[in-house]
Amino acid sequence: MIDIAVLASGTGTNLAALLDLPEVREHICLVVSDRADAGALDLARRAGIPARVVQFGDFPDRRSFSLAVADAVEQAGAKGVVLAGFMRILSPEFCDRFPGRILNIHPSLLPRFPGARAVEAALEAGVEVTGVTVHFVDEQVDHGPVIRQEEVPVFPDDDADTLHQRIKTVEHRIYPEVVAQFVSGRLRL
Ligand code: GRF
């Protein structure tokens, strides 16, 4: 079994979906956010899971920020890292500390539309289908071996909010399934 830390910057709806699955919840030993106001921190506290804030601005550069996050993860006893809307790029040194043990979820069919504006970019490109990607993290942003992808249709009257909601419905179904496999040790790079 693999205990995990979940890293989240935002509202934390993916974290909530992970907490809803008991076999995942019991292996989440830490939630880390780079924002003190992240909804994910409240979710963690309510679930009785240690929550830490590591703020980018408190460090001189990306490398030292990333190493502080890695230290927090290791101190909590986590062997794996699950990114759930973590909006900071982590340095290569972070990946080296958890080789093959970092997962990410991204709201597009990678390699299309990497980056923070994936939903808007899909709309601007006029695609009829976008989707969700769960992947192992490597040293590039929104990049690494794909574990699972699922398509999501784009409707003509969609805006970024309606499309992102439809995408998140899929995320909340597939991420807990993949993470459950990961914590059980059945999913390996
Ligand atoms: C999700 O769309 C995820 O794919 C992306 O960031 C968003 C996080 O949303 N990486 P939430 O905070 O889990 O609601």
Side-chain angles (χ1 to χ4, degrees), residues 4-21 24-25 28 30-47 49 51-56 66 69 73 80-90 94-95 98 101-125 127 129-155 158-180 182:
I4 55 171
V6 179
L7 276 49
S9 302
T11 52
T13 62
N14 276 285
L15 172 62
L18 295 172
L19 290 169
D20 277 345
L21 196 61
V24 170
R25 181 189 179 118
I28 301 175
L30 178 70
V31 171
V32 178
S33 183
D34 60 313
R35 296 181 54 131
D37 61 352
L41 293 168
D42 291 329
L43 287 172
R45 293 182 189 117
R46 266 185 263 139
I49 293 168
R52 291 270 303 265
V53 179
V54 184
Q55 280 174 320
F56 189 76
S66 302
V69 176
V73 170
V81 177
V82 170
L83 304 180
F86 192 65
M87 301 307 283
R88 292 282 175 188
I89 296 169
L90 293 159
F94 186 91
C95 300
F98 308 98
R101 287 181 277 123
I102 310 172
L103 305 186
N104 185 40
I105 188 159
H106 184 78
S108 77
L109 297 173
L110 292 173
R112 292 215 78 180
F113 314 126
R117 295 183 68 260
V119 178
E120 290 84 352
L123 283 172
E124 286 158 14
V127 295
V129 174
T130 184
V132 176
T133 302
V134 180
H135 64 100
F136 286 107
V137 170
D138 66 13
E139 293 181 1
Q140 296 174 51
V141 176
D142 296 327
H143 190 270
V146 171
I147 299 164
R148 194 152 154 193
Q149 286 188 308
E150 192 161 312
E151 293 184 347
V152 174
V154 181
F155 298 142
D158 267 334
D159 58 25
D161 283 343
T162 58
L163 179 55
H164 205 172
Q165 276 315 314
R166 193 174 311 115
I167 288 170
K168 283 193 180 191
T169 305
V170 173
E171 292 185 344
H172 299 161
R173 174 165 48 76
I174 69 175
Y175 213 19
E177 289 175 9
V178 172
V179 175
F182 180 65

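Residue numbers count from 1 along this sequence. One-based numbering, in listed order, for ligands and for the atoms of each.
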Nearest neighbour in protein (non-hydrogen) for [atom]:
atom                    : answer
atom 10 (N) of ligand 1 : I105 O, 3.0 Å
atom 13 (O) of ligand 1 : N14 N, 2.8 Å
atom 1 (C) of ligand 1  : E171 OE1, 3.2 Å

For [X], atoms of ligand 1 separated by under 4.0 Å from a heavy atom:
X   : value
G85 : 6 (O), 8 (C), 10 (N)
G12 : 11 (P), 12 (O), 13 (O), 14 (O)
T11 : 11 (P), 12 (O), 14 (O)
T13 : 11 (P), 12 (O), 13 (O), 14 (O)

Side chain to side chain contact (heavy atoms under 4.5 Å, CB included) assessment of L123 paired with L163: CA-CA 9 Å; L123 283 172; L163 179 55; 3.9 Å; yes
Geometry only, no angles: is G10 polar-contacting ligand 1 at N/O separations under 3.5 Å?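 Among all N and O atoms of G10, none is under 3.5 Å from an N or O of ligand 1.
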Just going by heavy-atom distances, which of K168, H164, H106 is nearest to atom 2 (O) of ligand 1?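 Shortest heavy-atom distance from atom 2 (O) of ligand 1: H164.
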Within the distance-only criterion (no hydrogens, no angle test), does the side chain of E150 pair as donor or acceptor with the backbone N or O of V170 below 3.5 angstrom?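 No; zero donor-acceptor contacts below 3.5 Å.
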Interatomic distance, L103 atom CG to F136 atom CZ [nearest 0.5 angstrom]: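 L103 atom CG to F136 atom CZ measures 5.5 Å (nearest 0.5 Å).
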When rounded to the nearest 0.5 angstrom, what is the spacing between CG in N14 and CG in L43?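 Going from CG on N14 over to CG on L43, the span is 11.0 Å.
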Does D158 come within less than 4.0 Å of R166, counting only side-chain N to carboxylate O?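 Salt bridge: yes.
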Select one of side chain, backbone, both or neither to describe which atoms of M87 lie under 4.0 Å from any atom of ligand 1, heavy atoms only.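 Under 4.0 Å from ligand 1, M87 contributes no heavy atoms.
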Please list, chain by chain and in numerical order, all residues satisfying side-chain hydrogen bond (donor to acceptor under 3.5 Å, both in side chains) with S108, sequence neighbours excluded.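 Applying side-chain hydrogen bond (donor to acceptor under 3.5 Å, both in side chains) to S108 gives H106.
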Determine, stepwise, if the pair R101 / F182 fulfils side chain to side chain contact (heavy atoms under 4.5 Å, CB included). CA-CA 9 Å; R101 287 181 277 123; F182 180 65; 4.1 Å; yes
